[in-house]
There are 2 protein chains.
Amino acid sequence: MTTPAVSSRALPHPARDEVRLEGVLHALSDPMRLRIVRELAAAQGELSCSHFELPVTKSTTTHHFRVLRESGVIRQVYRGTAKMNGLRRDDLDALFPGLLDALLEAAARQAARRAD
Amino acid sequence: MTTPAVSSRALPHPARDEVRLEGVLHALSDPMRLRIVRELAAAQGELSCSHFELPVTKSTTTHHFRVLRESGVIRQVYRGTAKMNGLRRDDLDALFPGLLDALLEAAARQAARRAD
DNA sequence: CGACTCGTACGATAGCCATCGTAGTACGGC
DNA sequence: GCCGTACTACGATGGCTATCGTACGAGTCG
């Protein structure tokens, strides 16, 4: 059972046309959430919440994932006890072509700059 | 005297390498500030604060312009009694190539979508 | 069943922030 | 010097939010 079935527990997601640019920008303006999104983009697929090692408690991690989901940046699905997270790349690219890539590259540049 | 000399009153701006992506995104995540930036981008040049007709008081307008300046998005200069505002396009393009254009196009798309 | 893991819910707290109103400063013109 | 315009500074306020801790629920494995 490498991929357990999707649980019945539902998670509310905004529809594609409900996603607001301001909400996306606000979600990504937090360093912790930007970091999550960068890791999610690097791993071409879904990652469980527990995969991330963030310097905050689990409560706070849950909070950040919810903000990302409710702003339309990520999609969340239960698979057994794990909650899998994936970027909503299709929707974001349809709504704001080029934006996600520009944001990711900007974040990568800044990370490289700060590491120097 | 079409363009009065720059006043001695100084306004603190972050240096190019002090501009943080998170700060820029946070600045643009406010609808009022996003609107200001869009108008500023449309008008290829400097605009005075009073040019903008925002549905908030002048106090609040001042606040938004300061947030934009301190995050590195705009440059502000006193010219006589007027305070002129300009996008820091050169700095932003150097730091985050393509980001500003992607953001502006995303905002334009969303505006078109909402108007429909 | 029982234990364990993963994640949630709820309450609390402290800090930030968008907004306002009022009072004040800087500059240019009369 | 005096007035008007343009913007600021300060204090207040209400709302949002990032963080935590603890207690709980859902699912898996023995």
Side-chain angles (χ1 to χ4, degrees), chain A residues 1-13 20 22-37 46-71 73-86, chain B residues 1-13 20 22-37 46-71 73-86:
Chain A
M1 50 69 197
T2 46
T3 38
V6 172
S7 160
S8 58
R9 282 185 284 174
L11 291 165
H13 289 75
R20 303 267 290 119
E22 293 89 332
V24 171
L25 297 184
H26 172 248
L28 297 182
S29 71
D30 182 278
M32 216 63 72
R33 293 195 288 260
L34 185 56
R35 174 169 162 178
I36 291 173
V37 169
E46 293 182 328
L47 293 177
S48 73
C49 288
S50 54
H51 167 270
F52 296 86
E53 304 214 348
L54 302 174
V56 293
T57 65
K58 269 196 303 180
S59 309
T60 307
T61 303
T62 297
H63 162 68
H64 285 309
F65 276 106
R66 180 170 47 204
V67 172
L68 286 171
R69 170 170 48 82
E70 292 181 346
S71 68
V73 176
I74 68 171
R75 201 176 339 252
Q76 294 191 296
V77 167
Y78 281 106
R79 261 189 244 286
T81 77
K83 189 150 110 181
M84 304 306 291
N85 305 277
Chain B
M1 49 74 200
T2 47
T3 38
V6 173
S7 160
S8 59
R9 281 186 284 174
L11 290 165
H13 289 74
R20 303 268 289 120
E22 292 90 332
V24 172
L25 297 183
H26 172 249
L28 298 182
S29 71
D30 183 278
M32 218 63 71
R33 290 194 290 261
L34 185 56
R35 174 170 163 178
I36 291 173
V37 168
E46 293 182 329
L47 293 177
S48 72
C49 288
S50 54
H51 168 271
F52 296 86
E53 304 213 349
L54 302 174
V56 293
T57 65
K58 272 200 296 181
S59 308
T60 306
T61 303
T62 297
H63 162 70
H64 285 310
F65 275 106
R66 181 169 44 204
V67 172
L68 286 171
R69 170 169 46 83
E70 292 181 345
S71 67
V73 176
I74 68 171
R75 201 176 339 252
Q76 293 191 298
V77 166
Y78 281 107
R79 259 189 244 287
T81 76
K83 189 150 113 182
M84 305 306 291
N85 305 277

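When reading the values below, keep in mind they use all heavy atoms of this one structure, side chains included, and skip hydrogens, waters and symmetry mates. Sequence lines set the chain letters: A, B, ... in the order given, protein chains first and strands last, and positions in each chain run from 1.
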Nearest to the side chain of [X], heavy atoms from C-beta on, is which of [options]?
X       : options               : value
B:Thr81 : D:dT5, C:dC6, C:dA18  : D:dT5
B:Lys58 : D:dC7, C:dT5, C:dG7   : D:dC7
B:Ser50 : C:dA18, D:dA18, D:dC7 : D:dC7
B:His63 : C:dC6, D:dA18, C:dT19 : C:dT19

With no hydrogens and no angle check, is any side-chain donor or acceptor of [X] less than 3.5 Å from a backbone partner on [Y]?
X       : Y       : value
A:Ser71 : A:Val67 : yes
B:Thr62 : B:Lys58 : yes
B:Arg69 : B:Pro12 : yes
A:Asn85 : A:Gln76 : no

Self-check item: Donor-acceptor pair under 3.5 Å, A:Ser59 side chain vs D:dT22 base
Solution: yes
Practice problem: Have a look at A:Thr60 and say if it touches a base, only the backbone sugar-phosphate, or nothing, with a 4.0 Å heavy-atom cut-off. | Solution: base
Quiz item: Which is true for A:Thr62 with a 4.0 Å heavy-atom rule: it touches a base, it touches only sugar-phosphate, or it touches nothing?
Solution: base
Output yes when at least one side-chain N/O atom of [X] is less than 4.0 Å from OP1 or OP2 of [N], else no.
X       : N      : result
B:Arg33 : C:dA18 : yes
B:Arg66 : D:dA9  : yes
A:Thr57 : D:dC20 : yes

Which distance, rounded to the nearest 0.5 Å, do you find between the [atom1] of [X] and the [atom2] of [Y]?
X       : Y       : atom1 : atom2 : result
A:Arg75 : A:Leu11 : CZ    : CG    : 12.5 Å
A:Leu68 : A:Ile74 : CG    : CD1   : 5.0 Å
B:His63 : B:Met32 : NE2   : CE    : 10.5 Å

Dump the pairs, protein N or O against N or O of nucleotides 13-16 of chain C, anything under 3.5 Å, distances to one decimal.
none

Measure [atom1]/[X] against [atom2]/[N] and give the value in whole Å, please.
X       : N      : atom1 : atom2 : value
B:Phe65 : C:dT19 : CZ    : P     : 13 Å
B:Ile74 : D:dC7  : CD1   : P     : 12 Å
B:Met84 : C:dC27 : CE    : P     : 16 Å
A:Arg79 : C:dC6  : CZ    : P     : 17 Å
B:Asn85 : D:dA6  : CG    : C1'   : 12 Å
B:Ile36 : C:dA18 : CD1   : C1'   : 12 Å
B:Glu70 : C:dC17 : CD    : C1'   : 13 Å
B:His64 : D:dC7  : NE2   : P     : 16 Å

Exercise. Could you check if a side-chain atom of B:Arg33 sits within less than 4.5 angstrom of a side-chain atom of A:Glu22, using non-hydrogen atoms only?
Key: no
